[in-house]
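Report on one structure; see the data block that follows.
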Amino acid sequence: MGSDIKPPVNWRTFFLCVMISFGQLMGAYEAVIIGTTLQKPDFMRRMSLWDGDGNRTRRYSSLEGVIVGLFQAGAVFGTIIVAVVMERWGRKAGLLFGSIVALPGIAGLTGSNNAAEFIVFRFISGLGTWACCAAASAYIPELAPPAHRGFFAGLNGVMIGLGTALASYVGMGFYFCENEVASWRAPMGIPLVFLVILLGTIPFLPESPRYLLLKGRTAEARQIFSKLNKISNTNEVLLEEEFDQMQQQAAHDRGMNSSWTSMFTYPAYRKRIFLACMISVLNQSTGFLVINNYGQTFYQALGFSPTAQQILQGNRDIVAFLGNFCGSLVVDRVGRKTILLFAFAGCFVCVTLEGIMVALFADSDNEAGKNAGVALLYIFLFFYASGIDVGTYVYLGEMFPNHMRVKGVGISLASLNTMGTIYLSIASTAFTAIGWKFFMLFAALTLCGIFLIALILPETRGVPLEEIEALFGNTPDTVVFKSSTNREMETAMTPPMKAVSDDMEHYA
């Protein structure tokens with residue numbers, strides 16, 4: 001799509017996006033660190049999961065599900081609330097809101113002395129860190145140039161992978177700490193460092209030019225846009241054309257109905273939110289979050305010692321980081337749809353075989369079968385990270401029109417976390433009741449995902465954000481066409497037809 005010759009990367013803009021994506025690192029770290037924390041003796045006794053002799057209490061399964069799942073429940077609220085904040089006060093304000101809420105949440109987790117306190121702060125930290133995640137998901141695509149948008153927005157996935165790997169290695173390192181209290185409190189408090197860095201960076205971040213244009217602040221938007229795209233040998237004419245497209249589209253969008261209800265009543269938006277929520281639900285229906293949070297439970301079921309479980313979890317999550325990094329490098333070349341299909345197919349094979357390995361070898365002495373089960377978890381995570389993790393965040397960040405982006409991202413990520421909450425809350429009970437068959441549920445849902453993505457998902461690679469509307473069948477609300485793919489749609493409509501269609505869509 002568009003020209004095959006890409007302009008060079010503005011590394012200053014890239015670095016700014018790296019700092020914005022720190023919110024993703026915190027969210028991933030907090031989501032995963034609980035997996036290693038659930039093996040620490042002092043934590044387990046303090047939270048009433050173990051009795052004084054180290055045996056599971058009667059409340060173990062239900063309490064574990066609440067402790068793990070409440071983080072995702074907080075995330076549901078965080079992604080919606082931050083959308084309201086970003087729409088009114090800007091993308092920077094959304095990042096600031098999430099950071100301020102996350103601060104007492106993470107501090108409270110670190111200092112909790114009982115299950116009730118921990119659950120409350122787990123909810124708050126989920127709300128705050130995922131507000132940062134949603135802000136980054138909407139913020140970065142609006143700063144990125146079309147040719148490199150997948151690479152820039154892929155930072156969301158890279159930081160998730162980095163946070164996941166860091167949490168596992170930190171948890172593994174502190175597993176061997178002789179001080180039982182410090183062994184879980186110290187890892188729980190480490191994200192405070194990243195939070196302080198993010199809070200110190202926010203004042204120096206630029207506001208999204210697209211947000212400023214929607215608010216009629218053209219001079220500020222032009223100045224920031226110029227700095228974000230200024231590189232050696234810049235074609236000033238092309239930059240002026242791009243800014244003019246953004247300005248004209250923003251002027252049109254200011255007259256559109258951008259209420260929350262229009263997301264579900266206006267056909268062009270309703271189609272978009274359906275696809276976005278479908279991707280989000282399918283993302284969680286691979287079983288990734290369950291496998292990540294209960295990884296050590298699987299290793300235990302396969303007969304590995306506690307020390308081996310820690311090592312396996314840490315090494316597995318570095319594979320996720322490598323997968324995220326690789327995916328961000330290739331997503332602009334192969335496209336969003338292709339990388340999603342590749343990853344869903346790989347996850348389907350892996351989760352199916354994993355269920356078989358657990359069924360056959362969990363209670364046996366077959367070392368080869370157990371090792372195969374571990375290898376499949378590694379391979380599964382590489383597929384998920386390289387395609388689904390990267391592809392989901394890139395797609396969600398660019399598929400909505402500028403004036404509806406924060407709402408679309410907020411609702412989509414809320415659906416992602418709702419499914420995560422459901423799966424995590426029932427996982428402990430489900431594995432106790434049906435064991436390996438729980439994997440088959442994820443396999444069936446992942447297979448459905450392959451067919452749905454192949455049949456109904458359009459490709460958004462290389463298309464300016466102002467022209468995304470046309471890819472979803474809403475050509476009349478695209479004011480200026482620059483990309484070669486969508487220009488054909490514009491010329492197919494005569495000016496009178498386009499004007500009439502504009503009016504009909506506006507008053508629908």
Side-chain angles (χ1 to χ4, degrees), residues 2 6-21 23 82-83 85-96 134-153 155-156 201-231 234-256 258 394 396-409 460 462-469 477-483:
K6 287 188 177 184
V9 174
N10 183 319
W11 292 107
R12 176 182 177 274
T13 304
F14 178 78
F15 177 73
L16 291 172
C17 291
V18 169
M19 300 311 299
I20 293 170
S21 64
V82 78
V85 173
M86 285 193 288
E87 184 177 41
R88 182 165 183 177
W89 291 290
R91 306 337 183 206
K92 283 178 63 174
L95 202 59
L96 180 63
S137 298
Y139 198 173
I140 293 176
E142 294 190 354
L143 301 182
H148 302 288
R149 195 168 60 236
F151 177 44
F152 280 45
L155 285 168
N156 289 309
T201 304
I202 289 174
F204 303 99
L205 296 175
E207 184 54 82
S208 163
R210 289 177 167 89
Y211 166 78
L212 294 173
L213 286 172
L214 286 171
K215 297 300 180 181
R217 295 156 62 180
T218 305
E220 292 178 64
R222 185 183 295 275
Q223 184 179 23
I224 292 173
F225 176 81
S226 179
K227 289 182 179 180
L228 291 173
N229 293 275
K230 191 72 174 178
I231 48 180
T234 302
N235 188 324
E236 298 290 348
V237 174
L238 291 179
L239 285 183
E240 188 61 32
E241 287 180 358
E242 185 177 345
F243 185 81
D244 182 64
Q245 181 187 38
M246 291 167 53
Q247 187 176 0
Q248 290 189 53
Q249 188 65 52
H252 173 80
D253 290 346
R254 283 198 295 271
M256 297 292 290
S258 60
V394 171
L396 295 183
E398 65 187 12
M399 69 185 296
F400 295 98
N402 294 328
H403 63 294
M404 299 297 287
R405 180 165 296 109
V406 294
K407 291 186 177 73
V409 170
T460 57
V463 179
L465 291 178
E466 285 68 31
E467 298 180 35
I468 292 293
E469 287 283 278
D477 282 328
T478 300
V479 178
V480 179
F481 286 85
K482 286 175 76 271
S483 67

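- For the atom pair CG of Leu214 and CE of Met404, the computed distance is 11.5 Å after rounding to the nearest 0.5 Å.
- The minimum heavy-atom distance linking Gly397 with Val409 is given by the pair CA-CG2, 4.3 Å.
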Report the C-alpha separation of Thr218 and Leu212 in whole Å, then their side-chain angles, then the decisive distance to 0.1 Å, and conclude whether the side-chain contact (heavy atoms from CB on, under 4.5 Å) test is met. CA-CA 7 Å; Thr218 305; Leu212 294 173; over 6 Å; no
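- Arg217 and Tyr211 get closest at one heavy-atom pair: NH1-CE2, 4.2 Å.
- Put simply, the side chain of Asn156 gets close to the backbone of Ala153: a donor and an acceptor are under 3.5 Å apart.
- Interatomic distance, Glu207 CD to Trp89 CH2, rounded to the nearest 0.5 Å: 13.5 Å.
- Minimum interatomic distance between Tyr139 and Lys92 (heavy atoms only, all atoms of both residues): OH-CG, 3.0 Å.
- Salt-bridge check for Arg222 with Glu240: passed, with a basic side-chain N closer than 4.0 Å to an acidic carboxylate O.
- Screening Met256, Gln248, Arg254 for a side-chain contact (heavy atoms from CB on, under 4.5 Å) involving His252 leaves a single residue, Met256.
- For the atom pair Ser208 OG and Ile224 CD1, the distance stands at 8.5 Å (nearest 0.5 Å).
- Between the side chain of Ser21 and the backbone N or O of Val18 there is at least one donor-acceptor pair closer than 3.5 Å.
- When all heavy atoms of Val82 and Gly94 are compared, the closest pair comes out as CG2-O, 3.4 Å.
- Across every non-hydrogen atom of Leu239 and Phe225, the tightest pair is O-CE2, 3.5 Å.
- Distance check, rounded to the nearest 0.5 Å: CG of Leu16 to NZ of Lys227 gives 11.0 Å.
- Judged by distance alone, the side chain of Thr13 and the main-chain N or O of Leu228 form a donor-acceptor pair under 3.5 Å.
- Going from atom CG of Leu155 over to atom CZ of Phe14 covers 4.5 Å, rounded to the nearest 0.5 Å.
- Judged purely by atom type and a 3.5 angstrom limit, Arg149 uses its side chain to pair as donor or acceptor with the backbone of Val463.
- Counting all heavy atoms, side chain and backbone alike, Phe243 lies closest to Leu213 at CZ-CD2, 4.0 Å.
- With rounding to the nearest 0.5 Å, the separation of CD1 in Ile140 from SG in Cys17 is 5.0 Å.
- Paired with Leu465 under the rule side-chain contact (heavy atoms from CB on, under 4.5 Å), one option of Glu398, Gln245, Met246 passes, and it is Glu398.
- Scanning for salt bridge (charged side-chain N to carboxylate O under 4.0 Å, His left out) contacts around Glu142 gives Arg91, Arg405, with sequence neighbours left out.
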